[in-house]
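Working notes, structure below.
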Amino acid sequence: MYGDIVILSGAGISAESGIPTFRDSDGLWNNHRVEDVATIEAWYKNPAAVHAFYNQLKKDIADKQPNPAHLAITRLQREYKNGAVNVVTQNVDLLHEKAGNTNVWHIHGQIDQAVCMRCGRVLPAAGDMDEKAVCPSCGVAGKIKPNIVFFGENLLYMDKVEALLARCRLFVSVGTSGAVFPANTFARTAKYHGAETVEFNVGETVNRYDFDRHVTGPAGTTLPAFVDELLKERTEEADIVGDR
Ligand code: NAD
């Protein structure tokens, strides 16, 4: 296979690392209702509670390690020579980075960052944050929010993502339910531009008709096998000298 590859990951890719998905937790995130901790209204209403939630989430996932699905992407990025491999993730955890993945686009934000809602500056946030913090860039207090995209906010890096979707020849979706807009439109966009689309999930997804191929099973098993197959195909293609 030749051409660029885009991998879209969702909470399911991190499930085997011990980070639960919404679905595995009855729609709760770390025992909290999404409306209380992941909407822009919740942030304006009770920023202290929102900070407390993300401070705890940061602690809970700090020691989690990448699983074979993340590591398969590292191998693909190292060994695939026929194009670029980009990772577009809905996850706020950093397991792609811990696995050594590069070109990772956190469209829903990331747990180790904050953003000033006044001046827009993105800041490192390795430790605890609170609602009184002063922005080092604009000097205003009380406007620093976790750099997590809440329902009601725009996704990050969308121009980049649109360009990647238009160029890729293979679109791979891993561990995402297809229920969250607009990530659930990416497969259709890539397909419209001519890409082959493949999804990896333990169950059925909402947007399954946008995929040419479905691989059912835990991503920690199915994705490494797929990467082996893809890289083997590449080696076999390299053995062909050419046409007369
Ligand atoms: P989701 O919870 O709605 O869906 C997860 C999907 O993963 C499901 O379709 C499930 O069948 C599948 N799945 C579960 N275990 C799997 C496995 N071992 N292998 C393959 N697939 C598996 O998650 P979502 O669609 O990603 O959307 C929820 C949003 O919540 C995300 O966009 C993210 O912002 C946030 N979230 C992030 C994390 C994280 O950072 N790890 C965890 C929970 C929620």
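Numbering of ligands and ligand atoms starts at 1, following listing order.
- Taking the six-membered ring for Trp and thresholds of 30 and 60 degrees, Trp105 and Tyr157 have ring planes more than 60 degrees apart, a perpendicular arrangement.
- When the side-chain hydrogen bond (donor to acceptor under 3.5 Å, both in side chains) test is applied to Glu16, no partner is found at least two apart in sequence or on another chain.
- One side chain, Asp60 or Gln56, offers a donor N or O that lies under 3.5 Å from an acceptor on the other.
- Looking at Glu153 and Lys145, a side-chain N of the basic residue comes within less than 4.0 Å of a carboxylate O on the acidic one, giving a salt bridge.
- Under the ring-ring contact (aromatic ring centres under 6.0 Å, His included) criterion, His106 pairs with no residue, sequence neighbours left out.
- Not counting sequence neighbours, the partners of Asn46 by the side chain to side chain contact (heavy atoms under 4.5 Å, CB included) test are Ala48, Ala49.
- Ordered by chain and residue number, the residues placing a heavy atom less than 4.0 Å from ligand 1 are Gly10, Ala11, Gly12, Ser14, Ala15, Glu16, Ile19, Pro20, Thr21, Phe22, Arg23, Trp29, Gln90, Asn91, Val92, Asp93, His108, Gly175, Thr176, Ser177, Val180, Asn201, Val202, Gly217, Pro218, Ala219.
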